[in-house]
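Below is one structure, written out as structure tokens, with a few remarks after it.
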Amino acid sequence: MSEAAIVQALGPQDIPAVHRLWTEAGLPYHPEGRDSVERMAEELAAGGALLLGAYVGGALAGVVLGSDDGRKGWINRLAVAPSFRRAGIGARLIAACEEAFARRGRGIVACLIEDWNGPSLALFQREGYVLRKDIHYLRKVRAGEAW
């Protein structure tokens, strides 16, 4: 791929395209729960969420969803369409997230990666993220909530 990716902020109108890309990329998500168009639009409107897309030749090639908890930035969902992988798009989206969080005064950016997702783990480590094996992630899902 010779054309450089253009990274830009996405809005509520782009969420259906984000869902299509997540599906194409094989990223598990919860369209009836926390990843619904309505919920994501609310999070974007409230200002805590960050949704960025990478376009190549007008095609949505990758997306990243981040959140700001007031102390640090979180990269929650990063996906690149299979036909655009290994072209540096994931790294570009990570860098764009980091820059957006830096503008908000967040000096720490973190992510959670499932143990089956070796390619994402390798990507984040190449981008300077340190694997912490001394931390245990726990959660409690409210009754009726699609996790």
Spatial distance of atom [atom1] ([X]) from atom [atom2] ([Y]) [nearest 0.5 Å]:
X      : Y      : atom1 : atom2 : value
Ser120 : Ile113 : OG    : CD1   : 5.5 Å
Leu52  : Cys97  : CG    : SG    : 5.0 Å
Glu42  : Ser36  : CD    : OG    : 7.0 Å
Arg126 : Ile94  : CZ    : CD1   : 8.5 Å
Leu78  : Phe124 : CG    : CZ    : 5.0 Å
His19  : Asp14  : NE2   : CG    : 11.5 Å

Val109 and Tyr129, any side-chain heavy atoms less than 4.5 Å apart:
yes
Where is the tightest heavy-atom contact between [X] and [Y], given as atom of each residue plus distance?
X      : Y     : value
Ala110 : Lys72 : CB-CD, 4.1 Å
Ala61  : Val56 : CB-CG2, 4.0 Å
Ala25  : Pro82 : CA-CD, 4.1 Å
Asn76  : Ser67 : ND2-OG, 2.9 Å

Given a cutoff of under 4.5 Å between side-chain heavy atoms of I, L, V, M, F, W and Y, with clusters grown through shared members, what are the other residues clustered with Met40?
Leu10, Ile15, Val18, Leu21, Trp22, Leu27, Tyr29, Val37, Leu44, Leu51, Tyr55, Leu60, Val63, Leu65
Apply the hydrophobic cluster definition, ILVMFWY joined by side-chain contacts under 4.5 Å directly or through others, and give me every member besides Trp74.
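Besides Trp74, the hydrophobic cluster comprises Leu112, Tyr137, listed by chain and residue number.
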Hey, is the main chain of Gly33 close enough, under 3.5 Å, to the side chain of Arg39 for a donor-acceptor pair?
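Side chain of Arg39 to backbone of Gly33, a donor-acceptor pair under 3.5 Å: no, none is there.
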Please list, chain by chain and in numerical order, all residues satisfying salt bridge (charged side-chain N to carboxylate O under 4.0 Å, His left out) with [X], sequence neighbours excluded.
X      : result
Asp68  : Arg104, Arg106
Arg132 : Asp134
Arg92  : none
Asp69  : none

